[in-house]
Amino acid sequence: MSDAISINCENGAGDSPRVLFYSHDTYGLGHLRRSRALASAITQADERISALILTGSPVAGRFTFPERVDHIRLPGVTKTPDGDYKSERLGLHIDETTALRAGLIKSTVEHFDPDILIVDKEPTGFRGELLPALDWLKEKRKAQIVLGLRDVLDDPEVLAAEWNRKEALAAAEKYYDETWVYGLRSICDPTEGLSLSTSFRSRMKFTGYLRRDELTEGEIPLEPYVLITPGGGGDGASMVDLVLSAYERAPDLGPNALLVYGPFLSGVQRAEFEMRVAALNGRVRAVGFESRMENLFAGAQGIVCMGGYNTFCEVLSFDKPAVIVPRTKPRLEQYIRASRAEGLGLVRVLDEYRDGLTADAMIAAIRALPSQPKPSSAFVPGLLDGLDFVSGRVLQMLGLQKSQGVA
């Protein structure tokens with residue numbers, strides 16, 4: 001992207017540059033948590049910057065947001081068993097819900113008038129809802145538009161078919177000035193298999209993973225524990241069942257476990273788990289949701305988790321030995337990430353194809369955590385540079401910092 005259209009705050013751009021994040025969030029916590037971490041780093045880099053997050057997450061209101069960061073909650077949607085979507089609460093047809101969301105997005109863009117728009121993962125937004133706003137921004141020619149991608153999206157062939165179906169390839173080429181991949185090329189190129197132009201690929205920047213820090217508010221448990229986290233929890237019941245089975249089968253298994261179910265675990269499933277937790281007489285403690293997961297990672301002796309992007313970043317950031325139990329459906333994203341990370345010596349994977357998902361396999365994995373090398377023992381240059389890269393690049397785009405030749 002040429003610096004010719006960069007914002008120059010000394011020549012009429014004003015004293016309050018604005019960065020807008022779009023995070024469709026139809027499922028889970030990943031998109032919102034990633035946008036929140038990025039917004040926090042960007043606004044801390046320069047006190048003049050304000051950030052606003054457009055999110056569809058139903059639990060956005062349960063998070064605290066940093067100073068000069070706010071959010072707008074879009075009407076929620078939820079996936080149906082047949083793979084389609086429906087309105088989460090409004091009782092509207094999905095087409096009406098999408099049109100409502102699209103109108104709110106475009107109105108926000110017009111009134112907030114961002115200098116930079118950072119779009120998480122979906123080039124056209126949910127069901128194309130972002131396109132009217134993208135057209136408005138392109139016509140105005142003020143904002144720089146960035147596509148932010150996690151390190152792994154899916155199996156390359158599956159992703160290519162999905163992007164073709166959504167017309168995401170054409171949108172990526174048409175609207176986006178840069179693409180930031182929140183990972184390392186040496187671990188994975190999420191666009192492998194996509195027919196993207198040489199020009200588009202020349203504007204891709206691999207940032208490194210997004211470092212997380214311990215929070216000043218919130219407490220860390222004093223007693224030793226292994227942290228068990230299935231992320232948002234919506235697809236984590238089988239992992240939770242496996243961990244509880246391990247503690248039930250091995251009365252001497254330690255340290256004790258601290259289990260965070262996640263807000264999307266079904267109520268019926270949680271009620272069943274709560275009975276099993278109670279029968280373990282304190283060897284496993286469980287909570288439903290924790291907005292300050294960073295502190296629980298910081299205090300843990302080891303981690304048992306699924307392979308979502310944000311959880312992986314926390315494992316690396318707090319340098320904890322971790323056993324990852326990745327999901328393989330509906331996407332291979334977690335399995336690809338965990339397998340590549342294991343190959344580099346960053347984590348251990350409990351692989352259903354290689355190890356089997358049995359209580360005995362989980363017992364052995366938990367017992368091995370104290371002697372398992374920490375991620376830092378596998379030296380990977382630039383591994384956690386993502387937030388520094390993004391905040392520095394934003395300052396360059398806004399004309400608040402001279403270019404330092406970011407690649």
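All heavy atoms count here, side chains included; hydrogens, waters and symmetry mates do not. Counting from 1, the numbers follow the sequence of the chain as shown.
- Between E314 and K320 there is no salt bridge, since no side-chain nitrogen of the basic residue lies less than 4.0 Å from a carboxylate oxygen of the acidic one.
- Results of the salt bridge (charged side-chain N to carboxylate O under 4.0 Å, His left out) test with D151 over R185, R337, R340 single out R337 as the only residue that passes.
- Side chains of S23 and D120: a donor-acceptor N/O pair is absent below 3.5 angstrom, by distance only.
- Under 4.0 Å is where a charged nitrogen must lie from a carboxylate oxygen, and between E342 and R354 at least one such pair does.
- Proximity of V323 to V347: side-chain heavy atoms (C-beta onward) are nowhere separated by under 4.5 Å.
- The ring pair (Phe, Tyr, Trp, His ring centres under 6.0 Å) check on F379 picks up nothing, with sequence neighbours excluded.
- The pair D177-K138 counts as a salt bridge, with a side-chain nitrogen and a carboxylate oxygen less than 4.0 angstrom apart.
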ask   = Yes or no on side-chain contact (heavy atoms from CB on, under 4.5 Å) for V349 and V325, after CA distance, side-chain angles and deciding distance?
value = CA-CA 6 Å; V349 178; V325 188; over 6 Å; no
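- Put simply, the side chain of M306 does not reach to within 4.5 Å of the side chain of T311, judged on heavy atoms.
- Classification of E192 and R201 as a salt-bridged pair fails, no side-chain N sitting under 4.0 Å from a carboxylate O.
- Ionic pairing of E248 and R276 is present here: one or more N-O contacts between side-chain nitrogen and carboxylate oxygen are shorter than 4.0 angstrom.
- Just one residue in the list L242, L244, V243 forms a side chain to side chain contact (heavy atoms under 4.5 Å, CB included) with V240, and that residue is L244.
- Side-chain contact check for R327 versus E333: some heavy-atom pair is nearer than 4.5 Å.
- For the residue pair T98 and R127, a side-chain donor N or O sits within less than 3.5 Å of a side-chain acceptor on the partner.
- N256 and Y247 share no donor-acceptor pair across their side chains, judged by distance under 3.5 Å alone.
- Of the N and O atoms on the side chains of E173 and S197, at least one donor lies less than 3.5 Å from an acceptor on the other residue.
- Two residues are said to be in side-chain contact when any heavy atoms from C-beta on lie closer than 4.5 Å; V19 and I49 meet this criterion.
- For the pair R285 and Y225, the cation-pi criterion (under 6.0 Å, within 45° of the ring axis) is not fulfilled.
- A cation-pi geometry, defined here as NZ or CZ lying under 6.0 Å from the six-membered ring centre and within 45° of its normal, holds between R18 and F112.
- At least one side-chain heavy atom of L149 sits under 4.5 Å from a side-chain heavy atom of T191.
- The aromatic rings of H71 and F65 lie parallel to each other, their planes meeting at an angle below 30°, with 60° marking the opposite boundary.
- The neighbour count for E157 CD, taken as heavy atoms of other residues, nucleotides or ligands under 6.0 Å away, does not exceed 12.
- Salt-bridge check for R211 with D388: passed, with a basic side-chain N closer than 4.0 Å to an acidic carboxylate O.
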key: Verdict with reasoning, Q334 to V152, per side-chain contact (heavy atoms from CB on, under 4.5 Å)   = CA-CA 8 Å; Q334 293 191 6; V152 185; over 6 Å; no
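- At least one side-chain heavy atom of L104 sits under 4.5 Å from a side-chain heavy atom of L100.
- Judged purely by atom type and a 3.5 angstrom limit, Q301 has no side-chain atom pairing as donor or acceptor with the backbone of P255.
- Centroid-to-centroid, the aromatic rings of Y182 and F389 stay 6.0 Å apart or farther.
- The shortest side-chain heavy-atom distance between V146 and T179 does not fall under the 4.5 Å cut-off.
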task = Would you please test E129 and Y22 for side-chain hydrogen bond (donor to acceptor under 3.5 Å, both in side chains) and show each step?
result = CA-CA 11 Å; E129 68 183 3; Y22 166 80; 2.5 Å; yes
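- T124 and E167 are not linked by any side-chain donor-acceptor pair at a separation below 3.5 angstrom, with hydrogens and angles left out of the test.
- The pair R203-E178 does not count as a salt bridge, with every side-chain nitrogen at least 4.0 angstrom from each carboxylate oxygen.
- Annotation: R89, atom CZ; neighbour count of heavy atoms from other residues, nucleotides and ligands within 6.0 Å does not exceed 12.
- In this structure the side chain of M362 reaches within 4.5 angstrom of the side chain of V304, judged on heavy atoms.
- A salt bridge is absent between R331 and D155; no separation between the charged side-chain nitrogens and carboxylate oxygens falls under 4.0 Å.
- Residues Y175 and D135 have side chains that bring a donor and an acceptor to within less than 3.5 angstrom of each other.
- Interatomic distance, I116 CD1 to R393 CZ, rounded to the nearest 0.5 Å: 8.5 Å.
- If you check the side chains of E274 and Y261, you find a donor sitting under 3.5 Å from an acceptor.
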